[in-house]
Colleague: 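Here it is, the structure, as structure tokens.
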Amino acid sequence: MRGWAAARKGVWSWLRFTSLRLRLVLVFGLVALTAAVSASGIAYWLNREAVLTRTQDAVLRGFEQEMQNRAGALPEHPTQDELQHTAGQMANSSQRFSVLLVAEKAGGGAVYGSSGGLGGFALSDVPESLRGAVNKEQKVTSANKQPYHLYWQRITDDGTPYLVAGTKVIGGGPTGYMLKSLEPEAKDLNSLAWSLGIATAVALLGSALLAQALATTVLKPVHRLGVAARRLGEGKLDTRLRVSGTDELADLSRTFNSAAEALEKRVADMAGREQASRRFVADMSHELRTPLTALTAVTEVLEEELEFASEGEGGSFDPMVEPAVRLVVSETRRLNDLVENLMEVTRFDAGTARLVLDDVDVVDQITACIDARAWLDAVELDAERGIHARLDPRRLDVILANLIGNALKHGGSPVRVSVSRADDEIVIRVRDNGPGIPEDVLPHVFDRFYKASASRPRSEGSGLGLSIALENAHIHGGRISAENSPGGGAVFTLWLPQDPSPPAEGDGAGAGSPGDAPGDGSKDTVRGKDAKGQV
């Protein structure tokens, strides 16, 4: 069945690939068939009329001459023997037709003489309409000099065509009828029809071959253009077409080459500007780290002094200066986080971010993340122990910190974190108890520097947290989705493979494969009322 399906797919693929070719061949074939059939039909009809007319005229002239020379020499009331003898003489002429002579007896009645004897050509073989026309006397006028004329008709008997003619002897005498077989002429016409049919078939075959050759000539450049366009779409911007000739296809190839060259130049310019922009951000972030380190140290000292002053352990701050000091401490911490995030984004954009894989107990990692940021009182963890995966612990911590911190800031506690397995993936869901995410904001929650300030409280973050979390998920081969829960609140779902790549030598020394550590089936539950910490 698989072989049959593959063969059928191949046939359909070939038909789709050559659909234009097939249309060209069919059009050429129809045109050639129409032209050949029309030409053959006209040629057959003209030759048929010419052959029949030539034979008919010769036979009628011979019959008319025989009627004048031999039937005209008979007495007014001939005997049957005389009619029989004369009919035989007339039939022996060069045209070889059958003759029937009809005359009146002296005492009344009709007498017949046939060239074929009693079983030969008879009066019943002559159509009644022809007999009526022959025996009808015409009025003699200046335009019509004779009362009787020669009449003829073509008939078919048992599939054999015949020519029947009749006339009366002028000035009194017998009436004569002639029967001539047209079978030799019919055979000649049949041979002509077969010849024209064979010629039509040959013309049709030749037109199909010609159409195939022309289609190949026309479609080969089109096929090359399609291949070049696909290569261009794959990012091979140096793709060019070989141009030959001066026809429309050559002009199309030149246009394609010009467009590809312009596109390559534009992409190179954009890549250069993007690289310069990334280098600028990286350099700026790097240069900011030195003064920020000093500022951070100073703000930590100021923060400690504020705490000592507020606890009455010594030292004091001017009430007018204290708010400014607290603002400097907060904004310095925020600036430091922004620089760190920019550095991380720059690594992702430059493609220099790398995984350092290790065997990780996912539940322990989540617990450590919550504990390190003092979120124990605001997060509820619902997961079975013993769920292991081969991940980068630092990057997993970044993902969890951003998802849980975002839920605490914008959704409200308690935040519920659940962990489960699905096939070869680890599924981590973070659900808050807030109003949810507006529908117009959902498509943009992972965009860089995006803040839904119109629908949510003002955030102190940079707007890079969720985008960095998404990048860290992607580098693991995972993904993150955001949606609103039917029961209220926003739900962020993280899917991570249990083993994103084969472990390298030296990665996680002593680490076992996922599932090596036994699980006790218990669950961790952490609840509370408040949360502190910065992501």
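In what follows, every heavy atom counts, from backbone to side chain, and hydrogens, waters and symmetry copies are set aside.
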Colleague: Apply salt bridge (charged side-chain N to carboxylate O under 4.0 Å, His left out) to Arg395 and Glu471, showing your working.
Modeller: CA-CA 10 Å; Arg395 296 189 182 278; Glu471 293 289 351; over 6 Å; no
Colleague: Count the heavy atoms of every other residue, nucleotide or ligand shown that sit under 6.0 Å from CD of Glu49, and state whether that count exceeds 12.
Modeller: yes
Colleague: If you count every heavy atom of other residues, nucleotides or ligands that lies below 6.0 Å from Glu104 atom CD, does the total exceed 12?
Modeller: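 Counting other residues, nucleotides and ligands, CD of Glu104 stays at 12 neighbours or fewer.
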Colleague: Using the rule given for side chain to side chain contact (heavy atoms under 4.5 Å, CB included), can you reason through Phe492 versus Glu483, listing the C-alpha separation, both sets of side-chain angles and the distance that settles it, and then say yes or no?
Modeller: CA-CA 7 Å; Phe492 285 83; Glu483 59 185 352; over 6 Å; no
Colleague: Would you say Ile399 and Ile480 make side-chain contact, with heavy atoms under 4.5 Å?
Modeller: yes
Colleague: Please determine whether side chain to side chain contact (heavy atoms under 4.5 Å, CB included) holds for the pair Leu130 and Trp152, giving the CA-CA distance in whole Å, both sets of side-chain angles, and the decisive distance to 0.1 Å.
Modeller: CA-CA 7 Å; Leu130 180 63; Trp152 59 270; 5.7 Å; no
Colleague: Dump the intermediate steps for side chain to side chain contact (heavy atoms under 4.5 Å, CB included) on Leu60 and Met178, then the final yes or no.
Modeller: CA-CA 9 Å; Leu60 292 179; Met178 176 274 298; 4.1 Å; yes
Colleague: Is there a side-chain contact between Lys145 and Val140 (heavy atoms, below 4.5 Å)?
Modeller: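 They are not in contact (no side-chain heavy atoms under 4.5 Å apart), so the answer is no.
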Colleague: Would you find a donor on one side and an acceptor on the other, under 3.5 Å apart, between the side chain of Asp158 and the backbone of Thr160?
Modeller: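 Not confirmed, Asp158 side chain does not pair with Thr160 backbone.
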Colleague: So does Arg266 have more than 12 non-hydrogen atoms from other groups sitting under 6.0 Å from CZ?
Modeller: no
Colleague: I'd like to know whether CG of Asp424 has more than 12 heavy-atom contacts from other residues, nucleotides or ligands below 6.0 angstrom.
Modeller: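 No, CG of Asp424 has 12 or fewer neighbouring heavy atoms, counting only those of other groups under 6.0 Å.
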Colleague: Checking the side chain of Thr86 only, and the main-chain atoms of Leu83 only, is there a donor and an acceptor separated by less than 3.5 Å?
Modeller: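 Between the backbone of Leu83 and the side chain of Thr86 there is no qualifying donor-acceptor contact (under 3.5 Å).
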Colleague: Quick one: pull up CH2 in Trp495 and CD1 in Ile428 and give me the separation to the nearest 0.5 Å.
Modeller: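 The CH2 atom of Trp495 sits 11.5 Å away from the CD1 atom of Ile428.
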Colleague: Using a cut-off of 6.0 Å, state whether more than 12 heavy atoms not belonging to Arg48 lie near its atom CZ.
Modeller: no
Colleague: Given Tyr112 and Leu123, is the side chain to side chain contact (heavy atoms under 4.5 Å, CB included) satisfied, shown in steps?
Modeller: CA-CA 9 Å; Tyr112 303 91; Leu123 190 62; 4.0 Å; yes
Colleague: Report yes or no: is the cationic atom of Lys180 (NZ for Lys, CZ for Arg) closer than 6.0 Å to the six-membered ring centre of Phe97, at no more than 45° off its axis?
Modeller: no
